[in-house]
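What you see below is based on every heavy atom in this structure, not just the backbone, and it leaves out hydrogens, waters and symmetry mates. Lettering follows sequence order; numbering is per chain, from 1.
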Number of protein chains: 2
Amino acid sequence: MSTTPEVAGVLRRFNRTYTQRIGALDESFLGLGLPLSSARLVFEIGVDGAGVGDLRSRLGLDSGYLSRLLRTLESRGLVTVGPDPADGRRRTASLTPSGGRLLERLEQRSDDLAHRLVAPLTERQRARLAEALGTADLLVRAATVSLDAVDPAGRRAAAAMEHYFAELDRRFPGGFDPGEPTPPDSFTVATSDGRPVACGGVQQIGAGVAEVKRMWVDPEWRGAGLGSRLLRHLEGVAADAGHLVVRLDTNGTLSEAIAMYERAGYTAIERYNDNPYAELFFEKALD
Amino acid sequence: MSTTPEVAGVLRRFNRTYTQRIGALDESFLGLGLPLSSARLVFEIGVDGAGVGDLRSRLGLDSGYLSRLLRTLESRGLVTVGPDPADGRRRTASLTPSGGRLLERLEQRSDDLAHRLVAPLTERQRARLAEALGTADLLVRAATVSLDAVDPAGRRAAAAMEHYFAELDRRFPGGFDPGEPTPPDSFTVATSDGRPVACGGVQQIGAGVAEVKRMWVDPEWRGAGLGSRLLRHLEGVAADAGHLVVRLDTNGTLSEAIAMYERAGYTAIERYNDNPYAELFFEKALD
DNA sequence: TCATGTGTCTGACTATAGTCAGACAACCTC
DNA sequence: GAGGTTGTCTGACTATAGTCAGACACATGA
């Protein structure tokens, strides 16, 4: 706040410009015989379908309201809602062929409008705009990732860890076998649009000593500072639990991670465990 | 469209991110006992007040609807609506002291939310975001400027020309006296948010020869390509009127303008009029 | 001064968006 | 298999947003 007093102002000014001009992109959904909220819903269901709860959180709707919207789309033959095979309480919505055609037309309209919007710009200006919006997009998304403590043995933790293990398996020359992973003392998942985009656990490994484990950041999200933020967060978790020192191990393959640890003030130490995949070991004192 | 197919995609992706995250900035207006549209209206009236028609075009509201919104704000003692001294049909809205206090609180909330939004970012990221949004803002605004042919002797033309004359007066060492300006054959005003941001006229000065006159771009808008776009537009106007050549004169003081003319394919020629303020003369053949 | 246009207002509507409480079935844990 | 939790659904609402037609006063230009 102290040294960048203008960010908020720029943001607010942009907000104004935005609602007046680009906001019309949403209204391009109109005129196909559907109210805006229903059209947005069709859009959000998409070709792959989506869980009802997922839709609710992505669109920020009341469950009753969403249910009713789905009912009207169903009655128009645009959507079918069926049970989730994995959990009988959940339901998944997907588009019928006619719903798919509607989605295509929505996409088309939205695309046309976007093109028309940038048409008066020169080629170079368009490129500049695309770059600026891309940057803003990444940063805004990064800023609004939410870091939540989840049950280390629960479903959300498992789903996030799966990404982590899958990536290790891809990156390690001989693959990676997680064995029977034991849940850490606490686990944090970073979520954006309902999907896990980063995660990490904290576990006590000695008196006053915590280990950061299974830290992972989605490849698409690297370079947005999410890793550092998560690491700071996990250090906070460890400090709150009364630990004085944080350790972690890693593998030489994971060069971005190593660079980040060093930037964050970690120093290399001797091997402190028998993890066969670990080659490098770091430590940092909590203040 | 051919070489930058991705702009529309980036724009649409950003739109999605935006409505979900920054869109909440608007909702910060809520919770002060006013519905969103009324709060936006208070915001748009601002400390300086605003004409009713102006508000209508800025907010894109139906005149009946706006009138009703003003009535409810009036009945709550937040706004007064009085006659415009210059034109008895028009009315101007301004905030009462209590309306002004409400506005301050709205600003405060919006500001707080903007700060909270960028809080998770590092200083550097915030600076990057501010820069990206600033660029996007300028370009989007530039893209959505509308170029309208107006009555060369009418009010809109006069208002725009006033800016032009004022600027010349500021920039010329000995000031500038427009004398009795005669309206050109056609006049174009570029408008953004209801304000003139650029203008220019076209006038026949010989058989098949047109002159571009009184071309002006708001200083805040320079660097956004608005000048070139306007110039191209005026050339189009001249070509449509059957002219084959466009000429223009300028003063050595106006260096940005000169650079722009050269970029646009104009070449220096001999003096072709007796304008005492003109020092440089340019010409371009229309294709 | 008359015809025409412009800017605002009222009345009478409709459609859309959203809220809240509670029912109910499937699931999970002990 | 009892008790609590989660996910979805229905019913009964209210608030907000927006539309359209027409009235009326003022302005403008022939």
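The distance between atom CG of A:Asp62 and atom P of D:dA12, rounded to the nearest whole Å, is 17 Å. D:dA17 atom P lies 11 Å from atom CG of B:Leu41, rounded to whole Å. The CG-C1' distance, from A:Leu36 to C:dA17, rounds to 10 Å in whole Å.
Side-chain atoms of A:Asp87 come within 3.5 Å of backbone N or O of A:Arg89 as a donor-acceptor pair. No donor-acceptor pair closer than 3.5 Å links the side chain of B:Ser110 to the backbone N or O of B:Glu107. Of the possible donor and acceptor atoms, one in the side chain of B:Arg58 sits under 3.5 Å from a partner among the backbone N and O of B:Glu44. With hydrogens and angles ignored, the 3.5 Å screen pairs no side-chain donor or acceptor of A:Ser192 with any backbone N or O of A:Val145. Checked by atom type and distance alone, the side chain of A:His233 never pairs as donor or acceptor with a backbone atom of A:Arg229 at under 3.5 Å. A donor-acceptor distance shorter than 3.5 angstrom exists from the side chain of B:Thr144 to the backbone of B:Val140, with no hydrogens or angles considered.
The phosphate of D:dC9 has OP1 or OP2 within less than 4.0 Å of a side-chain N or O from A:Arg91. A sub-4.0 Å separation between OP1 or OP2 of D:dT6 and a side-chain N or O of A:Arg90 is absent.
Residues B:Asp84 and B:Val52 fail the side-chain proximity criterion, which asks for heavy atoms closer than 4.5 Å.
Mapping A:Gly64 and A:Asp87 onto DNA chain C by nearest heavy atom places A:Gly64 at the nucleotide closer to the 5' end.
Using a 4.0 Å heavy-atom cutoff across all strands shown, A:Ser37 reaches sugar-phosphate atoms only and no base atom.
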Output one line per pair: protein atom, nucleotide atom from nucleotides 2-5 of chain C, and distance, for all N/O pairs under 3.5 Å.
| residue | atom | partner | partner atom | Å |
| --- | --- | --- | --- | --- |
| C:dG5 | N2 | B:Arg89 | NH1 | 3.0 |

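Comparing C:dT8, D:dC9, C:dA17 against the side chain of B:Arg56 picks out C:dT8 as the nearest.
Residues from residues 65-83 of chain B lying near DNA chain D, meaning a heavy-atom separation below 4.0 Å, are B:Tyr65, B:Arg68 in numerical order.
Using a 30° and 60° split on the angle between ring planes, A:Trp216 and A:His163 fall in the parallel class, below 30°.
Using a 4.0 Å cut-off between charged side-chain N and carboxylate O, B:Glu104 and B:Arg101 make no salt bridge.
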